[in-house]
S.K.: 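For reference, the structure I am asking about is given below.
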Amino acid sequence: KTVKIIIDPGHGGNERGAIGCLGDIEKNYNLKVGLRLKKILEEHNFNVKMTRETDKFISLNDRIKFAKENDALIFVSIHMNSVPISDDPNLNEGTITFYFNPQSKNAAKIISKSLAQDLKVKDGGGAQASLAVIRPTEYIGILTELVYLVNPKDVPVYRNKKFVNTAAQSIYNGIINYIYSEL
């Protein structure tokens with residue numbers, strides 16, 4: 001219960017996030033996985049809060065403020081990946097987890113590996129990126145891109161009826177492995 005985790009389902013409200021090649025909307029998957037992850041963490045006695053539990057817009061600054069006000073030790077932002085319109089979506093597949101600060105690098109690598117194994121997708125590993133919600137140094141901040149919403153190869157992965165549970169369980173397993181690696 002001393003490990004405080006903030007789950008941040010990306011986007012929400014009028015901010016849809018990526019739109020998949022079959023019209024799937026990112027914000028919906030982010031929220032479903034986030035809610036399932038919260039339930040799993042609470043079943044294992046973690047202190048968990050979410051930046052949003054419904055389909056509403058929350059600014060990046062408010063997400064960061066929420067994490068800091070709630071003394072987050074670990075901040076997990078959940079997303080589905082996309083690519084710029086000029087890129088070929090067929091060249092990008094699998095999972096990747098971003099971190100900004102060096103203290104978050106190990107968590108990003110462990111969670112990305114866990115997701116790749118459990119979802120049976122390519123592991124993009126942990127990659128450094130300057131994304132607003134993971135820049136603060138007050139918490140271990142990671143932003144995970146579960147799969148590419150825009151790649152036809154990843155469609156069967158996220159449209160599988162077990163995807164939400166598998167992704168949430170995998171993030172949980174990654175968090176546990178990270179915590180034990182730091183002891």
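Scope of the values below: all heavy atoms of this structure, side chains included, with no hydrogens, waters or symmetry mates.
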S.K.: Nearest 0.5 Å, please: how far is NZ in Lys56 from OG1 in Thr51?
M.R.: 9.0 Å
S.K.: Please name the pair of heavy atoms, one in Pro9 and one in Met50, separated by the smallest distance, quoted to 0.1 Å.
M.R.: CG-CE, 3.4 Å
S.K.: Could you tell me whether the side chains of Gln169 and Asn173 share a donor-acceptor contact shorter than 3.5 Å?
M.R.: yes
S.K.: Any idea which heavy atoms bring Gly125 and Ile96 closest together, and the distance?
M.R.: O-CG1, 3.5 Å
S.K.: Scan side-chain atoms only and decide if Asp154 and Tyr148 contain a donor-acceptor pair under the 3.5 Å cut-off.
M.R.: no
S.K.: Can you give me the closest heavy-atom contact between Asn101 and Pro136, atom names plus distance?
M.R.: ND2-O, 3.0 Å
S.K.: Does a donor on one side chain sit under 3.5 Å from an acceptor on the other, for His11 and Glu26?
M.R.: yes
S.K.: Taking all non-hydrogen atoms of both residues into account, name the closest pair between Tyr99 and Ala108 and its distance.
M.R.: CD2-CB, 3.8 Å
S.K.: Just checking, is any N or O donor in the side chain of Ser112 or Thr95 under 3.5 Å from an acceptor N or O on the other one?
M.R.: no
S.K.: Determine, stepwise, if the pair Ile171 / Val33 fulfils side-chain contact (heavy atoms from CB on, under 4.5 Å).
M.R.: CA-CA 9 Å; Ile171 295 169; Val33 173; 4.2 Å; yes
S.K.: In plain terms, say whether Arg63 and Asp8 are close enough for a salt bridge, that is, a side-chain N and a carboxylate O under 4.0 Å apart.
M.R.: yes
S.K.: Can you tell whether the side chains of Arg159 and Asp24 come within less than 4.0 Å, N to carboxylate O?
M.R.: yes
S.K.: With rounding to the nearest 0.5 Å, note down the distance linking CD in Glu145 to CG in Asn30.
M.R.: 8.5 Å
